**Q** 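For reference, the structure I am asking about is given below.
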Amino acid sequence: MSDLKEMARAAKQRLKNNFWDECKKNIDEGTFQAREKGLNEVKYKSTLKGKVQKEIKGEKHDLFYLKVKRLLEEEGEVSDAIGRLTDREYYDRLSYEDKQRYTFQLSSKYLQALEKYKKEKELGL
């Protein structure tokens, strides 16, 4: 029951702070800018909708994504990105099969983060 009360308080706080008015304003401005840049407006709105939903749910940026984003902003796409993102201390303790699995999973996460980064850059977020 306390979760429900907490959610209600958060919703009331959003109303008091004009959260929704600001969202509407940001979406309208962003859509106009996307239109001016020749970008897909629907895609832009969809991305913003996802961000708002995550913000309401209280989700934070994934630490791995933030590492990837920092790497991409500082050095761009590099050929040894997986090696740079690998947790060496953890990796060195793994068996051969587990190292392969870890590398595969890390590669998959990197590709997802790269796609998200490119989407954000394309939309100017």
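Remember, predicted model here, so these are calculated numbers, not experimental data. Counting from 1, the numbers follow the sequence of the chain as shown. Keep in mind that the numbers below use all heavy atoms, side chains included, and drop hydrogens, waters and symmetry copies.
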**Q** Using a 3.5 Å distance criterion without hydrogens, assess whether the side chain of Ser107 forms a donor-acceptor pair with backbone atoms of Thr103.
**A** no
**Q** For the hydrophobic clusters of this structure (ILVMFWY residues joined by side-chain heavy atoms under 4.5 Å, transitively), does one cluster hold both Ile27 and Phe32?
**A** no
**Q** Look up atom NZ in Lys67 and atom CZ in Arg70, then write down how far apart they are to the nearest 0.5 Å.
**A** 7.5 Å
**Q** Is the shortest side-chain heavy-atom distance between Val68 and Tyr117 below 4.5 Å?
**A** no
**Q** Let me check something: do Tyr96 and Leu94 share a hydrophobic cluster, defined by ILVMFWY side-chain heavy atoms less than 4.5 Å apart, either directly or through other members?
**A** no
**Q** Strictly distance-based, threshold 3.5 Å: is any side-chain N or O of Thr86 a donor or acceptor partner for the main-chain N or O of Ile82?
**A** yes
**Q** Looking at every heavy atom in both Glu77 and Leu72, which two are closest together, and how far apart are they?
**A** CG-CD2, 3.8 Å
**Q** Look at atom CD of Glu115 and say whether more than 12 heavy atoms of other residues, nucleotides or ligands are closer to it than 6.0 Å.
**A** no
**Q** Could you tell me the separation between the NZ atom of Lys116 and the CG atom of Leu114, rounded to the nearest 0.5 Å?
**A** 12.5 Å
**Q** Using 0.5 Å steps for rounding, measure from the CG atom of Leu111 to the CG atom of Leu106.
**A** 10.0 Å
**Q** Look up atom CG in Asp80 and atom CD in Glu75, then write down how far apart they are to the nearest 0.5 Å.
**A** 8.0 Å
**Q** Could you check whether Arg88 makes a cation-pi contact with Tyr91, meaning its NZ or CZ is under 6.0 Å from the centre of the six-membered ring and within 45° of the ring axis?
**A** yes
**Q** Do the numbers put Lys109 on top of the ring of Phe64, so that NZ or CZ is under 6.0 Å from the six-membered ring centre and no more than 45° off the axis?
**A** yes
**Q** In Å and rounded to the nearest 0.5 Å, what is the CG to NZ distance from Asn18 to Lys24?
**A** 15.0 Å
**Q** Just wondering, more than 12 heavy atoms not from Glu73 lying within 6.0 Å of its CD?
**A** yes
**Q** Are the side chain of Tyr102 and the backbone N or O of Tyr90 linked by a donor-acceptor pair below 3.5 Å?
**A** no
**Q** Which distance, rounded to the nearest 0.5 Å, do you find between the CG of Asp21 and the NZ of Lys25?
**A** 10.0 Å
**Q** Considering all heavy atoms of both residues, which atom of Leu71 and which atom of Arg84 are nearest to each other, and what is their separation?
**A** CD1-NH1, 3.6 Å
